[in-house]
Amino acid sequence: MALAGRVGRHMAGRLMRAQMQTCKSLTTQSLPDLPYDYNALEPVISAEIMKLHHGKHHNTYITTLNQSYEKYADAEAKGDIAKMIELQQAIKFNGGGHVNHSIFWQNLTPPKDFEPPSGEIKSVIEQDFGSVEELSKKFNAKAATVQGSGWGWLGFSPELKRLVITTTANQDPLSTQGLVPLLGVDMWEHAYYLQYNNVKADYLKEIWKIVNWKDVGARYSKAQ
């Protein structure tokens, strides 16, 4: 009995240490500050939308992601594979929401600070699409096909060594397609409906007035 008790305490101690070690390895995510005020993107995106989109929607993704992290760590420490599998979808969805929105905020700039693409990013756009105008037309046409919820993307393909226009469903990050995200446009209704109603075409047309091409260009330079 004494031996059994010692073994039981030993196993319990190992389990506790494993749980603590797993939790230490996780990084708690937090809502990133915006590089501009909520009203700074007007008239393209209203302050009301930005408050809800950043303060509510993005924050919810982060909160749920952190909760899922904790549950996953607990399940992993216990060796509960079924629970770990169950939690993977929540981590993918909410983690993707955090990743995608963090890119989206940096991809935008107040209209007063807008500058057209220049240098390397302009050259590669002209090489792969002919012109910035042609890029925007093809991008808008592709993004408009998103049914329900998803994202429109301009990415870089390390395999093809060129820019690619594509979409992802729900909150799937672009990395799921083997591409490096350069410019993402949120096509979920919460990103535009309060201002543009169901006219996605108008939202897509206006968004190009606030693209932060310096950020897009920096992402391209890093991706190569």
Side-chain angles (χ1 to χ4, degrees), residues 29-46 49-50 53-54 58 61 95-146 150-168 171-188 191-192 200-224:
Q29 302 298 312
S30 58
L31 184 67
D33 292 331
L34 293 177
Y36 37 74
D37 294 332
Y38 281 141
N39 65 353
L41 301 182
E42 292 184 337
V44 178
I45 300 179
S46 70
I49 287 178
M50 289 301 298
H53 200 173
H54 176 259
H58 190 174
Y61 294 130
H98 178 35
V99 169
N100 293 344
H101 283 87
S102 296
I103 295 170
F104 185 51
W105 307 135
Q106 296 294 328
N107 276 169
L108 303 179
T109 190
K112 65 181 181 62
D113 298 327
F114 174 82
E115 294 180 12
S118 60
E120 189 177 35
I121 188 64
K122 180 183 179 182
S123 296
V124 73
I125 287 173
E126 292 174 344
Q127 172 185 302
D128 291 343
F129 298 103
S131 66
V132 177
E133 291 72 22
E134 192 62 25
L135 163 66
S136 65
K137 289 179 182 178
K138 291 182 178 179
F139 186 102
N140 289 1
K142 187 70 174 179
T145 65
V146 173
W151 289 74
W153 292 101
L154 174 66
F156 175 72
S157 171
E159 180 181 0
L160 301 176
K161 304 297 182 184
R162 62 159 293 147
L163 302 181
V164 177
I165 294 172
T166 188
T167 62
T168 55
Q171 291 296 353
D172 290 358
L174 193 56
S175 58
T176 58
Q177 296 185 17
L179 302 173
V180 179
L182 305 181
L183 171 65
V185 175
D186 193 346
M187 296 306 297
W188 283 63
Y192 63 87
K200 289 192 291 186
D202 287 352
Y203 166 65
L204 286 167
K205 178 182 177 182
E206 294 298 305
I207 201 77
W208 295 96
K209 297 177 180 178
I210 55 172
V211 170
N212 183 352
W213 286 108
K214 289 183 179 179
D215 182 69
V216 177
R219 292 177 188 278
Y220 173 71
S221 296
K222 187 178 179 179
Q224 296 183 83

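Within the 4.5 Å cutoff, the side chain of Lys122 has no heavy atoms near those of the Ile125 side chain. No side-chain heavy atom of Ile49 sits less than 4.5 Å from a side-chain heavy atom of Leu41. Under the 4.5 Å side-chain criterion, counting only non-hydrogen atoms from C-beta, Pro117 is not in contact with Val216. Side-chain contact between Arg219 and Ile103 is present, with at least one heavy-atom pair separated by less than 4.5 Å.
Between the CD1 atom in Ile45 and the NZ atom in Lys209 there is a gap of 12.5 Å [rounded to 0.5 Å]. Between the CE atom in Met187 and the CG atom in Leu204 there is a gap of 4.0 Å [rounded to 0.5 Å]. Rounded to the nearest 0.5 Å, atoms CD (Glu126) and CD1 (Ile121) are 10.5 Å apart. Rounding to the nearest 0.5 angstrom, the gap separating the CG atom in Asn140 from the CD1 atom in Ile207 is 10.0 Å. Here Asp186 contributes atom CG and Leu108 contributes atom CG; the two are 10.0 Å apart, rounded to the nearest 0.5 Å. Separation of atoms CD (Glu159) and CG (Leu179) is listed at 9.5 Å; rounding is to 0.5 Å.
In this structure, Tyr36 contributes its side chain and Trp105 its backbone to a donor-acceptor pair below 3.5 Å. Although no hydrogens or angles enter the test, the distance criterion places no donor-acceptor pair under 3.5 Å between the side chain of Ser175 and the main chain of Gly178. The main-chain N or O of Leu34 is never found under 3.5 Å from a side-chain atom of Gln106 such that the two would form a donor-acceptor pair. Looking at Asp113, its side chain never comes within 3.5 Å of a backbone N or O of Thr109 through a donor-acceptor pair. With hydrogens and angles ignored, the 3.5 Å screen pairs a side-chain donor or acceptor of Asn212 with a backbone N or O of Lys214. One N or O on the side chain of Ser123 and one on the backbone of Gly119 form a donor-acceptor pair closer than 3.5 Å. Listed for the Lys200 side chain is a donor-acceptor partner under 3.5 Å among the backbone atoms of Ala144.
Residue Ala191 comes nearest to Tyr203 through the heavy atom pair CB-OH, 3.8 Å, listed as atom of the first residue, atom of the second, then distance. Between His98 and Pro32 the shortest heavy-atom distance is CE1-CD, 4.1 Å. Smallest separation of non-hydrogen atoms from Leu135 and Ile165: CD1-CD1, 3.7 Å. Closest of all the heavy-atom pairs between Pro158 and Lys161 is O-CE, 3.1 Å. Among all heavy-atom pairs drawn from His101 and Tyr61, the shortest one is CE1-CE1, 3.4 Å. Listed here is the closest heavy atom pair of Thr167 and Gly152: CG2-CA, 4.3 Å.
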Kindly determine whether His53 and Tyr192 satisfy side-chain contact (heavy atoms from CB on, under 4.5 Å), including the steps that lead there.
-> CA-CA 9 Å; His53 200 173; Tyr192 63 87; over 6 Å; no
Run the side-chain hydrogen bond (donor to acceptor under 3.5 Å, both in side chains) check on Asn107 and Asp215 step by step: do they pass?
-> CA-CA 6 Å; Asn107 276 169; Asp215 182 69; 2.8 Å; yes
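Around CD of Gln224, the count of heavy atoms belonging to other residues, nucleotides or ligands within 6.0 Å exceeds 12.
Taking the six-membered ring where the residue is Trp, His58 and His54 present perpendicular rings, their angle passing 60° and hence far from 30°.
Thr168 and Trp153 share a donor-acceptor pair across their side chains, judged by distance under 3.5 Å alone. The closest side-chain donor-acceptor pair between Trp151 and Gln171 falls under 3.5 angstrom.
Checked against the 6.0 Å centroid threshold, Phe139 and Trp208 count as a close aromatic pair.
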